[in-house]
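Some notes on the structure that comes next.
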Amino acid sequence: MFRLSECTLYRIRNGRPCFRVGVTLKARGSSVERNQVKRQIREFFRTHVHLLGSYDYNVVIPQSKKMAYPYAKRLGECLRGQFVHVISKK
């Protein structure tokens, strides 16, 4: 488990040659805002395939986070900064 400033990531080894991604997100905010958050997550995982290995990842967005405009951008920056830093250490 990786607890980041904008989300929590769970990582479990799978028996496959690639990674899989799941997103847990409460139905709050508009569908446009939720889809922007999901796109940020998918884009991060697409561009960082070489770091991810054979794991299942579940990105959990806390209920306390507001889905308003800057959140999707902050989430992308959090994943690129904090998660890459943590994962490269392991």
Side-chain angles (χ1 to χ4, degrees):
M1 178 174 80
F2 303 102
R3 195 172 297 272
L4 307 177
S5 63
E6 300 297 328
C7 64
T8 303
L9 275 95
Y10 293 93
R11 182 171 84 164
I12 301 169
R13 183 166 291 284
N14 65 20
R16 298 172 182 260
C18 60
F19 69 92
R20 295 185 296 182
V21 178
V23 178
T24 304
L25 179 66
K26 295 288 184 185
R28 62 186 191 290
S30 70
S31 60
V32 172
E33 293 165 341
R34 289 191 305 271
N35 286 333
Q36 286 174 341
V37 168
K38 291 177 189 177
R39 277 196 298 270
Q40 283 287 337
I41 293 168
R42 285 193 301 263
E43 179 64 16
F44 168 78
F45 280 92
R46 186 187 67 78
T47 58
H48 291 85
V49 172
H50 60 283
L51 292 175
L52 300 173
S54 297
Y55 291 95
D56 290 337
Y57 292 92
N58 187 16
V59 181
V60 179
I61 307 299
Q63 191 169 7
S64 62
K65 299 293 181 182
K66 302 222 184 283
M67 293 292 114
Y69 162 67
Y71 181 73
K73 184 177 178 182
R74 283 194 326 260
L75 177 63
E77 291 169 358
C78 171
L79 289 172
R80 283 186 293 277
Q82 295 176 12
F83 185 62
V84 169
H85 180 70
V86 170
I87 204 78
S88 62
K89 284 184 174 181
K90 294 197 176 213

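This chain uses plain numbering: 1 for the first residue, then up along the sequence.
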Review point. Phe83 vs Phe44 aromatic rings, parallel, tilted or perpendicular, using cut-offs 30° and 60°?
Key: perpendicular
Study note, to complete from the structure: OH of Tyr71 to CD of Gln36, rounded to nearest 0.5 Å, is 12.5 Å
Review point. Is Ile12 linked to Val21 within one hydrophobic cluster, defined over Ile, Leu, Val, Met, Phe, Trp and Tyr using a side-chain heavy-atom separation of less than 4.5 Å?
Key: no
Exercise for review: Applying ring-ring contact (aromatic ring centres under 6.0 Å, His included) between Tyr57 and each of Phe2, Tyr10, Phe45, report the one that passes.
Suggested key: Phe45
Exercise for review: Show the numbers, then the answer: is there a salt bridge (charged side-chain N to carboxylate O under 4.0 Å, His left out) between Arg80 and Glu77?
Suggested key: CA-CA 5 Å; Arg80 283 186 293 277; Glu77 291 169 358; 5.2 Å; no
Practice item. Please name the pair of heavy atoms, one in Leu4 and one in Cys78, separated by the smallest distance, quoted to 0.1 Å. Key: CB-SG, 3.6 Å
Point to revise | Inter-residue atom distance Thr47.OG1 - Leu79.CG, 0.5 Å rounding | key: 9.5 Å
Check your understanding: Rounded to the nearest 0.5 Å, how far does CZ of Arg11 lie from CG of Asp56?
Key -> 11.5 Å
Check your understanding: Can you tell which of Gln40, Gln82, Lys65 makes a side-chain contact (heavy atoms from CB on, under 4.5 Å) with Glu6?
Key -> Lys65
Practice item. Kindly work out whether a path of hydrophobic side-chain contacts (I/L/V/M/F/W/Y, heavy atoms less than 4.5 Å apart) joins Ile87 to Val49. Key: yes
Practice item. Working to the nearest 0.5 Å, report the span between CE of Met67 and CZ of Arg34. Key: 9.0 Å
Exercise for review: Give, for atom NE2 of His48 and atom CD of Glu43, the distance between the pair rounded to the nearest 0.5 Å.
Suggested key: 9.5 Å
Review point. What is the distance from atom CD1 of Ile61 to atom CG of Leu25, rounded to the nearest 0.5 Å?
Key: 6.0 Å
Review point. Does Arg16 offer a backbone N or O that forms a donor-acceptor pair with the side chain of Ser54 under 3.5 Å?
Key: yes
